Amino acid sequence: MKYPHLFEPLKVNQMIIKNRIISAPLGSLTDKSISGIGMIIRGTSGCVPDGRSRMAPGPYCFEDMIQSTKVREQVSIIRQRGAKAEFELCHVGQYAKVAPGDYAIGPVGFIREDGTEVKAMDETMMNEVADAFAKGAMDAKEYGFDMVMLHFGHGWLPTQFLSPHFNKRTDAYGGSFENRIKFPKMIVERVRKAVGPDYPLDMRISLNEYIEDGTDTQEIIRFIQHIEDKIDMVHVSCGLERELSAMTKMTTSPYFPHMVNTKYSKIVKEAVHIPVAVVGAIMTPEEAEGIIANKEADAIVVGRQIIADPFWTKKVWEDKTEDIVPCLRCLNCYNMYAREKDKHYGMKSITCCSVNPRYLHEDRVPVKLSKAEHKKKVYVIGGGPAGCKAALTAYERGHDVIIMEKEDHLGGQLYCSEFDESKQDLKRYKDYLIRQIEKSDIEVRYHCDATKCKEELKHADSIIVAVGAQPVVPHIKGIDQPHVMNALYAYEHQTEIKEHVVIVGGGSVGTELAKLLAKQKKKVTIVEYQKQLCSNLNEHVRMGLLQQLSMSGDIDILLESECKEIHSNMIIVETKDGIKTIYADTVIISVGMKSRRDIANEFYGIVQDTNIIGDANRPATVAEATHDGYYVSASL
């Protein structure tokens, strides 16, 4: 077996998990429950019988027969292929979403920014909450869950008492380490007493809060040791959910490395005698196997990668890892805006998976497409992500597919991932698409200008136009000089980039390029017309990129500024404070993309069934390109 450590059984209390793979409490249970995962965690919605315990309004999940029947069905779904079912118990404390006029609870009293009162908990409240945890655990046990996880991480109520950042109390529950652990210990003890000695208990906790005056890592280890005789496994995470700068470490974006928490799980494993699980950007089976083999943890917890490909475990077991759909860590599935259901943030508020159209759409996207009644000849014009996905989907339907690609490679704009190691997730997805096409009978014609093949295209049954977008060329005096280039060209021709670089445009592409060049010790200036960088990204991803940018090197940022002229060795910039001259021996233009509609529209009228997708319609994200490609071909 290629991954022997990953598929070794694990004993937790009296329970045996058949392998070391645990699914995080994210996403639908529909597909991953039949994939061979060892254990699946059911998420926190309504898990504690306390109306002030949740981020969003809703009933206790065991409140009545209707609610509890739904949970029992979830247990049945989880366990249908041998996975153990774990129930997550969580109380969000001071962050609770409460009715107008009601209050939240926490270690200290204050008025939140939204005007909600947070009341400092007294001992009566503490006992009530500890009893609520115990009842939640007992209900979970009664309804068939094999294990309960106490969520003591990510800034929730127990953490609010553990952490000096939140806990400013001056009584017996604040100040010293011994005082701050009293209430969290009370919860653990109350739950253990309720469920008995032989029922498995897990605990998730943040080893590093990544915030000023947060809990010390060694204190967290001491706390685990204090309750080690009451719990059966500890689940190592980091960061905070509701503090944006720390949230970027909790749920990492593409700008951070993989396996971000194994350095913490390793030291916990060395300090305790119970199994240790670790979560945090574990993306590949090789990474997962290495963690177990190197004794950095006893189990790995996978979240977003299993949303991207719910059959990750099955493919690893069957040694079909080349067929795993890679996660981009784009955070579209973990959408911070989706919690604010009464607000609208445009496309940023749409929850989806960039690479799995079935996610949240199981009602209309099947696991496997059926074969078409009539085989068609399908031409796909362009081999970017939209074109590749369209071609693969049409091929799955049984059609004859030809891709006409003008360049000598597939991938479209994803090709820039070849030249920036921080784009490792994007590269994995590009490589996956190309690999699947290579394994198929799809014909790929490189260096093929489809506009010159219109006579042949008349024999098509369907034409799918995915010619992509091209860089916008702004009207700037001097832009046609040889030391001026667009961002896509710059990625592929980094040897032409000299030491003093000005990037005109501070969207995500320009900022990512600035980060890359600054790490190469170049002097970089970003000139951005807007009031902030990366305004096209959601706040979570944007914050992560800016954190990495700040650590990358010598970068100047000019906001609310406009490049007016480019000279041979300098540019003229109009800033809010006046005209500024900046030395530059390389100028990179990154002010956005525009659709190749002029080219795309040429293909209308050749055959009736003609569709334009992806960037050819409008500049799109990878998610939009992938979904466009899937849907246009799914019913061919």
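Just so it is clear, the structure is predicted and the values come from calculations on it, not from any experiment.
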Val234 vs Val268, side-chain contact (heavy atoms from CB on, under 4.5 Å): CA-CA, chis, key distance, verdict: CA-CA 9 Å; Val234 61; Val268 172; 3.9 Å; yes
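- Taken from CG in Leu360 to SG in Cys352, the straight-line distance is 8.5 Å, to the nearest 0.5 Å.
- Annotation: Met65, atom CE; neighbour count of heavy atoms from other residues, nucleotides and ligands within 6.0 Å does not exceed 12.
- No side-chain donor-acceptor contact under 3.5 Å links Glu209 and Ser206.
- Side-chain N or O atoms of His226 include none that pairs as donor or acceptor with a backbone N or O of Glu228 at under 3.5 Å.
- Judged by the 6.0 Å and 45° rule, Arg52 forms a cation-pi pair with Tyr103.
- A donor-acceptor pair under 3.5 Å is absent between the side-chain atoms of Ser163 and the main chain of Thr159, judged by distance alone.
- Residues Gln547 and Thr248 have side chains that bring a donor and an acceptor to within less than 3.5 angstrom of each other.
- Atom CE of Met203 is separated from atom CG of Leu89 by 13.5 Å, given to the nearest 0.5 angstrom.
- Using modelled atom types and a 3.5 Å distance limit, the side chains of Asp577 and Thr575 yield no donor-acceptor pair.
- Using a 30° and 60° split on the angle between ring planes, His91 and Phe133 fall in the parallel class, below 30°.
- Remark: side-chain polar atoms of Asn332 are not paired, donor with acceptor, to backbone N or O of Ser354 under 3.5 angstrom.
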Audit row: Leu549, Glu512, side-chain contact (heavy atoms from CB on, under 4.5 Å) steps and yes/no: CA-CA 8 Å; Leu549 185 72; Glu512 289 169 359; over 6 Å; no
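- Of the N and O atoms on the side chains of Asn208 and Thr217, not one donor lies less than 3.5 Å from an acceptor on the other residue.
- Within the model, atoms CD of Glu243 and NZ of Lys249 stand 12.5 Å from one another, a figure rounded to the nearest 0.5 Å.
- For the 3.5 Å distance criterion, the side chains of Arg190 and Asn127 qualify, holding a donor opposite an acceptor.
- Side-chain atoms of Asn261 do not come within 3.5 Å of backbone N or O of Tyr264 as any donor-acceptor pair.
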Steps toward ring pair (Phe, Tyr, Trp, His ring centres under 6.0 Å) verdict (His154, Tyr95): CA-CA 11 Å; His154 299 172; Tyr95 296 112; over 10 Å; no
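- Contact of the Gln305 side chain with the Ile282 side chain is not registered, since no non-hydrogen atoms from C-beta on lie closer than 4.5 Å.
- The shortest distance between side-chain heavy atoms of Thr116 and Ile111 does not fall below 4.5 Å.
- With hydrogens and angles left out, the side-chain atoms of Asp615 and Gln413 include a donor and acceptor closer than 3.5 Å.
- If you take CG on Leu29 and CZ on Arg42, they are separated by 9.0 Å, rounding to the nearest 0.5 Å.
- Between Phe62 and Phe87, the ring planes lie tilted relative to each other; the angle falls in the 30° to 60° range.
- Remark: side-chain polar atoms of Glu287 are not paired, donor with acceptor, to backbone N or O of His258 under 3.5 angstrom.
- Residues Met283 and Cys327 form a side-chain contact, since some pair of their non-hydrogen atoms from C-beta on lies under 4.5 Å apart.
- Side-chain contact annotation: Ser552 with Lys515, donor-acceptor N/O pair under 3.5 Å absent.
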Test side-chain contact (heavy atoms from CB on, under 4.5 Å) applied to Leu157 and Ile187, step by step: CA-CA 11 Å; Leu157 184 60; Ile187 295 172; 5.6 Å; no
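- Of the candidates Ile78, Ile306, Val302, Ile22, Ile37 forms a side chain to side chain contact (heavy atoms under 4.5 Å, CB included) with just one, namely Ile306.
- Although no hydrogens or angles enter the test, the distance criterion places a donor-acceptor pair under 3.5 Å between the side chain of His165 and the main chain of Glu212.
- Remark: side-chain polar atoms of Thr262 are paired, donor with acceptor, to backbone N or O of Met259 under 3.5 angstrom.
- To the nearest 0.5 Å, atoms NE2 (His235) and CZ (Arg204) are separated by 4.0 Å.
- Not a single donor-acceptor pair under 3.5 Å links the side chain of Lys580 to the backbone N or O of Glu574.
- Cation-pi geometry between Arg180 and Tyr173 is not met at under 6.0 angstrom from the ring centre and within 45 degrees of the axis.
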Steps toward side-chain contact (heavy atoms from CB on, under 4.5 Å) verdict (Phe223, Ile221): CA-CA 5 Å; Phe223 171 66; Ile221 293 173; over 6 Å; no
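- In the model, Lys576 has no side-chain atom that pairs as donor or acceptor with a side-chain atom of Ser561 under 3.5 Å.
- The backbone N or O of Thr525 lies less than 3.5 Å from no partner atom in the side chain of Asp556, so there is not a single donor-acceptor pair.
- Classification of Lys182 and Glu189 as a salt-bridged pair fails, no side-chain N sitting under 4.0 Å from a carboxylate O.
- Tested against Glu528 for a side chain to side chain contact (heavy atoms under 4.5 Å, CB included), the candidates Lys531, Gln532, Gln530 yield a single pass: Gln530.
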